[in-house]
Asks: 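One structure coming up, written as structure tokens, with questions to follow.
Given the structure is predicted, the values throughout are model-derived calculations rather than measurements. A note on names: the letters A, B, ... follow the listed sequences, proteins ahead of strands, and every chain is numbered from 1.
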Protein chains: 2
Amino acid sequence: MQPTAHAHRRRTSGRSVTAADVLDAAKTLFALRGYHGTSLKHVAALLEIRTPSLYNHMESKSGLLRDIVMETLADVRHEFEGVLATTATPAGQLAEATRVYALHHATHRREALIVSHETRHLPEPDLGQAQEMRRDHERRFRQIILDGAASGDFSVASPKLASFAIREMCVSVARWFREDGSFTPDDVAEEYARQALKLVGSKP
Amino acid sequence: MQPTAHAHRRRTSGRSVTAADVLDAAKTLFALRGYHGTSLKHVAALLEIRTPSLYNHMESKSGLLRDIVMETLADVRHEFEGVLATTATPAGQLAEATRVYALHHATHRREALIVSHETRHLPEPDLGQAQEMRRDHERRFRQIILDGAASGDFSVASPKLASFAIREMCVSVARWFREDGSFTPDDVAEEYARQALKLVGSKP
DNA sequence: CCTACCGATCGGTAGG
DNA sequence: CCTACCGATCGGTAGG
């Protein structure tokens, strides 16, 4: 139901802790127990240091959350823009946008779970900025479906509902995907791209 | 991104608080801010009483979560069993199972968000029991698709992935649905049932 | 239903 | 990187 095995980068013993190590430990714990369910003591313990030492490598607990969320949303936007830049038809864009979005959620499960569940705990103005970035992805994704419906490439009852269904089924990959399961991230991404085309009634 | 408007039953002023009122307030706040992001002081404040008074109507904070999660999972199971009892074909069962599952998530958003995000915070043995109930729904839902694939009613590349996609797109309804939006719960449920049949390549 | 109170833990700081 | 410590808040209890 919740992720139990996370790819947590093991620190080389003896080396001193870096900002990247702190962010990585926070990703593991925020994903597993939630932002408010994780104390800085947990984060420090995972790194085998004391709580106050964390402050040499971060600004605050909410700063960690902000960095995780903003960086992840920027990655998603960058991948999406890559799709639009290299694909021209609605069917090609929808398949590729779905494929990279599903792939992202299979390969960045911790970050995706944090964006989904913990963004609401960000203080303003970070919260507003994060929400705007998500809405932007939502709008641009839906626009692909609207374009395909307008051109006749797609035959879809409700572009809005189809867009919700496709995006959310990709987001959910972070919830059920298991690294030791029967699918590779690429398997899932490819099949979800095909399912997206089916959902919008894409003409072959 | 997160639910902002929740159907919170307003207590009639002057009447004394009941166990149902406490559970209702907890649903609103656990859904909005998460289990660990909600203090019993918040719950009490919403009911306009003091924190210790809550204990006249509940066992503990985790008892509230357990009651919300278990009752919701029992409701879902009951609805699912109603579908199997009244529908015989794989296509009929899949459409109906999807319809009632989507409908549940549109009409019980608070409970659904709590089951999705907060179940992990349950202490054992409640956690194990909740996980088993979810796995049971997952197995039985997937079995419908396996039946349809075996009988030739469905044409689906991966029954397992199709099952994940359909169930998770229903679960996600709780995340984006808005009571004041452009769809009724029935609109969403009907359209999602059709999308489910498309996803498994159901023969008409 | 309340006031008064408990020990534990929280994020964060001082000062080396 | 540490020890020592801060005020605030947590879930929960005593005792009416």
Asks: Applying a 4.0 Å non-hydrogen cut-off, can you work out what B/His36 is touching in the nucleic acid: base, sugar-phosphate, or nothing?
Replies: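 Result for B/His36 = nothing.
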
Asks: Tell me, please, which residues at least two apart from B/Glu191 pass salt bridge (charged side-chain N to carboxylate O under 4.0 Å, His left out).
Replies: B/Arg194

Asks: So, A/Arg109 side chain and A/Ala174 main chain: donor-acceptor pair closer than 3.5 Å or not?
Replies: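 The answer is yes, because a donor-acceptor pair under 3.5 Å joins these two groups.
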
Asks: So, using ring-ring contact (aromatic ring centres under 6.0 Å, His included) as the criterion, who are the partners of A/Tyr192 when residues are at least two apart?
Replies: none

Asks: With B/Glu71, which residues qualify under salt bridge (charged side-chain N to carboxylate O under 4.0 Å, His left out), at least two apart?
Replies: none

Asks: Going by ring-ring contact (aromatic ring centres under 6.0 Å, His included), name the pairs with one or both residues in residues 67-106 of chain B, residues two or more places apart or in two chains.
Replies: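 Sorted pair list: B/Phe80-B/His137, B/Tyr101-B/His105, B/Tyr101-B/His137, B/His104-B/His108.
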
Asks: Identify every side-chain donor-acceptor pair in residues 50-59 of chain A under 3.5 Å, counting partners at least two apart or on other chains, and give the distances.
Replies:
| unit_1 | atom_1 | unit_2 | atom_2 | d |
| --- | --- | --- | --- | --- |
| A/Asn56 | ND2 | A/Ser53 | O | 3.3 |
| A/His57 | NE2 | A/Val17 | O | 3.4 |
| A/Glu59 | OE1 | A/Arg66 | NH2 | 3.3 |

Asks: Give the rounded distance in Å between these two atoms: CD of B/Glu59 and C1' of D/dT13.
Replies: 15 Å

Asks: To the nearest Å, how far apart are A/His57 NE2 and D/dC1 P?
Replies: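 Going from A/His57 (NE2) to D/dC1 (P), I get 4 Å.
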
Asks: Would you indicate which nucleotide in C/dC1, D/dG12, D/dC1 comes nearest to any side-chain atom of B/Ser16?
Replies: C/dC1

Asks: Can you name the residues that form a side-chain contact (heavy atoms from CB on, under 4.5 Å) with B/His36, not counting sequence neighbours?
Replies: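 Applying side-chain contact (heavy atoms from CB on, under 4.5 Å) to B/His36 gives A/His36, B/His121.
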
Asks: Would you check if the side chain of A/Thr119 reaches a backbone N or O of A/Ser116 as a donor-acceptor pair within less than 3.5 Å?
Replies: no

Asks: Taking side-chain hydrogen bond (donor to acceptor under 3.5 Å, both in side chains) as the definition, give me every residue that meets it alongside B/Thr184, ordered by chain and number, with sequence neighbours left out.
Replies: B/Asp187

Asks: So what is the 5' to 3' dot-bracket string for DNA chain C, if pairs are Watson-Crick or G-U wobble with both distances under 3.5 Å, crossing pairs use [ ] and | means the partner sits on another strand?
Replies: ||||||||||||||||

Asks: For A/Leu47 and D/dC1, what is the distance between atoms CG and C1' respectively, to the nearest whole Å?
Replies: 13 Å

Asks: Just to verify, what does A/Asp147 make a side-chain hydrogen bond (donor to acceptor under 3.5 Å, both in side chains) with, not counting sequence neighbours?
Replies: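 Partners of A/Asp147 under the side-chain hydrogen bond (donor to acceptor under 3.5 Å, both in side chains) test: A/Gln143.
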
Asks: Among all residues two or more places apart in sequence or in another chain, which pass the salt bridge (charged side-chain N to carboxylate O under 4.0 Å, His left out) test with A/Arg33?
Replies: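 So A/Arg33 forms no salt bridge (charged side-chain N to carboxylate O under 4.0 Å, His left out) with any residue.
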
Asks: Take the protein atom CG of B/Asp21 and the nucleotide atom C1' of C/dC1, then report the distance between them rounded to whole Å.
Replies: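 About 14 Å, once rounded to whole Å.
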
Asks: Nearest whole Å is fine: how far is C/dT13 C1' from A/Leu40 CG?
Replies: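 Computing the A/Leu40:CG to C/dT13:C1' distance gives 13 Å.
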
Asks: Will you find, in the side chains of B/Asp75 and B/Thr72, an N or O donor that is under 3.5 Å from an N or O acceptor?
Replies: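 No pair is found: no donor N or O on one side chain lies under 3.5 Å from an acceptor on the other.
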
Asks: Using a strict heavy-atom distance below 4.0 Å, which residues from residues 60-71 of chain A are in contact with DNA chain C?
Replies: A/Ser60, A/Lys61

Asks: Could you tell me the separation between the NZ atom of B/Lys41 and the P atom of D/dG11, rounded to a whole number of Å?
Replies: 11 Å

Asks: Starting at CG of A/Leu54 and ending at P of C/dT13, how long is that distance when rounded to a whole Å?
Replies: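 Atom CG in A/Leu54 sits about 13 Å away from atom P in C/dT13.
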
Asks: Quick one: is B/Ser39 getting a side-chain N or O under 4.0 Å of the D/dC10 phosphate, OP1 or OP2?
Replies: yes

Asks: Using whole Å, report how far OH of A/Tyr35 lies from P of C/dC10.
Replies: 13 Å

Asks: Need to verify one output field. Residue with the more 5' nearest nucleotide on DNA chain C, A/Asn56 or A/Thr38?
Replies: A/Thr38

Asks: So if I define the base as every atom that isn't primed, P, OP1 or OP2, how would nucleotides 3-8 of chain C read as a B/S/- string at a heavy-atom cutoff under 4.0 Å?
Replies: BB----

